[in-house]
Amino acid sequence: MKQKLLDIADLYIELPKGADRQYAIQKVNLELKQGETLCVVGESGSGKSLTARAIMGLLPQPHVRVSNGEIIFNSEDITKVSYERLRELRGSEISMIFQEPMTALNPVMSIGSQIDEIFRYHVDMSKADRQKRAVELLDDVNLPNPEQIMRAYPHELSGGQRQRAMIAMALALKPQILIADEPTTALDVTTQAQILKLIKDMQKVYNTGVLFITHDFGVVADIADRVMVMQHGIVVESGPVKQVLNNPKHPYTKALISAVPSLSPRKAKTISKEKVLEVQNVCKTFGGGRGLFGFGRPSRQVEALKDVTLDLYNGETLGVVGESGSGKSTLARCIIRLMDTDSGAITIEGTQINMLKRKAMRAWRNKIQMVFQDPFASLNPRIKVGDIIAQGPITQGINREEAIKRARELISIVGLDDKSFDRYPHEFSGGQRQRIGIARSLALKPEILIADEPVSALDVSIQSQILDLLDDIREQMKLSMIFITHDLRVAAQVCDRMAVMQYGEVVEIGKTKDIFAKPQHPYTIDLLSAVPGKDWKSSASKKLTKTKTKSKS
Amino acid sequence: MRDFWNRYKRNRSAVFGLVVIFLVILMAATADLLYAFDPFRLAGKPLSSPGTNGFLLGSDSLGRDVAAGIVHGAKTSLLIGLVATLVAVFIGILFGALAGYYGGQIDNILMRVTEVFQTIPSFIFAILLVAILKPSIYSVVIAISVVSWPGVARLVRGEFLSLKNREFVQACHTLGMSDLRIMLREILPNCLSPIIVIGSLMIATAILIESGLSFLGLGDPNIMSWGFQIGAGRTMLRSAWWVCTFPGVAILITVLAINLVGEGLNDALNPRLRERN
């Protein structure tokens, strides 16, 4: 019989007056046992993170407070204990790892002294013992050269190493409960797979109860024992992982699961033979600059693109897939001339555009356009939506009335209300802003559209809407598209062909179907095997195709 | 706009500052009605104490009316403060925007130039400039602007550096927009808030520098100013305290009020504080 660690009953968290709803979470009940992993799933604003923070006593009081209910940890109600007792519990009994390891670690303290701090505040140990224990911990989380890592500062480690160090710190005092708030969201897939495995392994060793917060059903499928789905602060469904994932009851859960793109590639279109864009042997190196008068050492050089060659055929979607630092965004920026290439050729309609002067390039701008990643950074907050969309044509010399007419048309094409025209970007949600960004890029009637991670900042349900929109537009406007993504699920659903990039090189290029069926390069094989929840969706995909068609109608 | 006023209003002392500045402006605007004569005129018995011989705030050693001097001096102080700040902000934006936007060697050169100006103590530099240019209201304005633009340039450069890599600016590049248009229409409106805040505080500093220069006798000899009054009265501080004290209080209150307003503008315009509420 496994011991019950945490029991939350009828928990309400009240938001300050004037917030968009009265309660952040309502009537939440949950239980966590030893050695169990409970996943809390939900989209942004569902209250999943606040639930976790309430357990740690980390609510931003007094504005946000627990107004009803109890959080029982080992027969003690955490909502009622004194601040001192709470401090004792934090770190030693209940500990937490965060999404962004760079901001969760103190940048001016070495990893060793940050771990040491935990021991100093919670247990009585000699300095040598503490030191020894810290090295053991770092070794436990599979960090190479623990002694060296002890002396390292956070910025000297990679994202995955930082998250490992965070886990080491969280587990330092063998807590009974580990709360993980989207711990792998900021990491690459291959690193994510390693970190998930590490959490699983550590859980076995310490018999910890893990409360895992995530928005990714793939991750849920990989690690959860039980699942709890939240929407607008209410638990809509909970139960064992198999039951919830394969047989969801609540319509919201169904919609969420059906919005997860399937890993089996969609049917490829017949690809035309006409090349609309050729990229040949393009190289790009960053760094190497010197200060004024050429004094000082040249800065470190990074080869972002090494000899990249690829073609884009008329009407196809070419996926460029890779992890952070693979050079995929640099490639996009070189093609659209936001950056200059060092060597090589980028050719459209027989003209080598990468060597054109800025003035000469202006005429080519309406052939090729770009959709950006971050819907919050890609729209100027001081300019009205209509003007943002009309800007492009006006810059290209089309008269104002004509441009505004086109902007109005585009607003309806991307599925926004006509009233949006006179509003400012901050009045829109992330998904709507991305629609505005798409409308802006279409205003010049481009032939080639580059989409740089257009959905990675959005919730899954909105993600699928934007992908559908892009697909419709591609058909309607006969676009050829370069689609940059780190998410293989998305790539499988959108791309006819794909190029896999690593360290600035294209390691594999081919039809999406072929690459998924028979990856050739070892890196591609790694990438594919690291996709979270790959076994789940392949077995469940049959059942879900039905719900998917239904949700679309 | 109403939103802005609501946030501003929350800071009580800022509202107080605004009222005081309004009164000072009113005083300056009605100077010719209140004291419809030249403040340099010898109006009566020298060194009359406040309230005697028809002098509200007393008279100085030559029999000039201190109150008339303060009222007319307000015009000078506000005018110089405002004009010098506008010139400084303009130069600062020009340097900062070009340096931040283009980066590289242009940034290097412009910033080294800025540093040259920053390394010279500003008040001494201002004295030097006025001494070279001969004291007049123009040379005072030029001197104050020259010593105070580097701060603005640094600020604007920082803002431009961070904004120019935002995706909305990149999107404008992909639309083929010209650099000038991107700088003026896209980036500049997004860094107006900190410029307004630093500008409002610079007015206060400019008034102080002007007073300092006039005190040392480097102000325009034909224009009444608070610093000049203090300078004229300093030798008689013990026998006729009112000659120095009232202009001094005027400077204190005005500068304080401007600082309070600047503070309030900072609260109201700073988006990070806005989110916290």
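Note that this is a predicted model, so its numbers are computed, not measured. To find a chain, count down the sequence lines: A is the first, B the second, and so on, and within it residues start at 1. In what follows, every heavy atom counts, from backbone to side chain, and hydrogens, waters and symmetry copies are set aside.
- Between B/Glu115 and B/Arg154 there is a salt bridge, since at least one side-chain N of the basic residue sits less than 4.0 Å from a carboxylate O of the acidic one.
- Listed options A/Met361, A/Lys359, A/Gln373 were ranked by heavy-atom pairs under 4.5 angstrom with chain B; first place goes to A/Gln373.
- When the candidates A/Ala363, A/Gly392, A/Ala377 are compared by the number of heavy-atom contacts under 4.5 Å with chain B, A/Ala377 comes out ahead.
- The pair A/Glu453-A/Lys328 meets the salt-bridge criterion, with a side-chain N (NZ, NE, NH1 or NH2) lying under 4.0 Å from an Asp/Glu carboxylate O.
- With a 4.5 Å cut-off on non-hydrogen atoms, B/Asn165 does not touch chain A at all.
- The candidate with the highest count of non-hydrogen atom pairs below 4.5 Å against chain B, out of A/Asn366, A/Ile388, A/Asp374, is A/Asp374.
- Put simply, the side chain of A/Gln391 reaches to within 4.5 Å of the side chain of B/Cys172, judged on heavy atoms.
- Looking at A/Ser378, the atoms closer than 4.5 Å to chain B (heavy atoms on both sides) sit in the backbone and in the side chain alike.
- Distance alone, capped at 3.5 Å, is enough to place a donor-acceptor pair between the A/Glu427 side chain and the A/Tyr424 backbone.
- A/Lys284 and A/Asp340 are not joined by a salt bridge, as no carboxylate oxygen comes within less than 4.0 angstrom of a charged side-chain nitrogen.
- For a residue to count as touching a neighbouring chain, one of its non-hydrogen atoms must lie under 4.5 Å from one of that chain's; by this rule A/Leu379 touches chain B with the backbone only.
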